[in-house]
Amino acid sequence: MKFVRLGPAGSERPAVLAADAGGIERTYGLDPLTADIDGPFLASGGVEATRRALAEGILPELTDAGNLRIGAPIRRPGSIICIGMNYAAHAAESGAEPPRIPVVFLKPSNTIAGPYDPAPIPPGALKYDWEVELGIIIGSPAVYLASPQDAAGVIAGYVVANDLSERAYQIPGEAGQWTKGKSLPASTPVGPWLVPADELDPSALGIRSRINNQIRQDSKTSDMLFDPTTLVHHVSQYMLLEPGDLILTGTPEGVALSGRFPYLGAGDIAELEIDGLGTQRQEFFAAVPGDSPRTGDTK
């Protein structure tokens, strides 16, 4: 199954992609089960309820799904928790030693955007950078988990995400802060799908990015310093994780910060993909002062 949200930004409808009896993938509306794909849906057994509903044939097929915008596959989370430098080679290209414990920071949840939405480059930005990341969706409340093994039970599923970053705000000088560089409107495209945790092994997935059809990142999630259950366990020691929260697990080497590639500019096209989780695509445009934010989920 692949959970999706379809429709205009702020008015997305929940849906699921699943194979029919003949093996053809079709899109079914989840309106009989839920108003949205969100924390309450996941925490109340929504994944299993969807499986039962598909088996019973009670979900309506959405024959017009191909004409609808694809939004982020999870409604705006309460928290976006990010892990920095979780691939040794990316830490090296950032000029840092690989961390011995996870580096944790937060992004505002209003940065969420759809996987194919136009992507704004902030006014005056000079070093806007891409980061393909495996995202973890939390499915039940978790705090002070006893072990990484316990953490496996609170993961609802996985997504592709782009942690867009303005390096000029993030790093140099006395005003350089990760919060400033990571909080810009529509800087967290997510999707296209949410795949349930019991249908995907995240341990060795191919993870890639292309800019203007040229490979930038090409790695595997097995190169992570800290795997998903270790990260969920670690983060739970410091904050309450709630259903629907999103954890971004870090990016592999191959970003513009390395000095090997130019930063993003207007008209550039980014494609980011992870095996089993689909491909997202953004075309970048130059935002100007006074622009209304074009975000993928305003709820």
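What's counted below: heavy atoms across the whole structure, side chains too, no hydrogens, waters or symmetry copies.
- A salt bridge is defined here as a Lys NZ or Arg NE, NH1 or NH2 lying under 4.0 Å from an Asp or Glu carboxylate O, and Arg76 with Asp38 fails to meet this definition.
- With hydrogens and angles ignored, the 3.5 Å screen pairs no side-chain donor or acceptor of Glu93 with any backbone N or O of Ala89.
- Distance alone, capped at 3.5 Å, places no donor-acceptor pair between the Asp163 side chain and the Glu131 backbone.
- In this structure, Asp129 contributes its side chain and Ala256 its backbone to a donor-acceptor pair below 3.5 Å.
- With Ser11 contributing its side chain and Pro8 its backbone, the two residues share no donor-acceptor pair below 3.5 Å.
- No side-chain heavy atom of Asp117 sits less than 4.5 Å from a side-chain heavy atom of Pro189.
- The side-chain hydrogen bond (donor to acceptor under 3.5 Å, both in side chains) search around Glu25 returns Lys2, not counting sequence neighbours.
- Tracing side-chain contacts under 4.5 Å through hydrophobic residues (I, L, V, M, F, W, Y), one reaches Leu231 starting from Leu106; they form part of the same cluster.
- Residue-environment remark: CD (Glu97) stays at or below the threshold of 12 foreign heavy atoms within 6.0 Å.
- Between the side chain of Arg69 and the backbone N or O of Gly7 there is at least one donor-acceptor pair closer than 3.5 Å.
- Contacts of His234 classified as ring pair (Phe, Tyr, Trp, His ring centres under 6.0 Å), with partners at least two apart in sequence or in another chain: Tyr238.
- Salt-bridge check for Glu273 with Arg210: passed, with a basic side-chain N closer than 4.0 Å to an acidic carboxylate O.
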Audit row: Met224, Tyr87, side-chain contact (heavy atoms from CB on, under 4.5 Å) steps and yes/no: CA-CA 5 Å; Met224 286 183 183; Tyr87 292 75; 3.5 Å; yes
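- With hydrogens and angles ignored, the 3.5 Å screen pairs no side-chain donor or acceptor of Thr34 with any backbone N or O of Phe41.
- Of all the heavy atoms in Thr221 and Ala204, the pair that sits closest is OG1-N, 3.3 Å.
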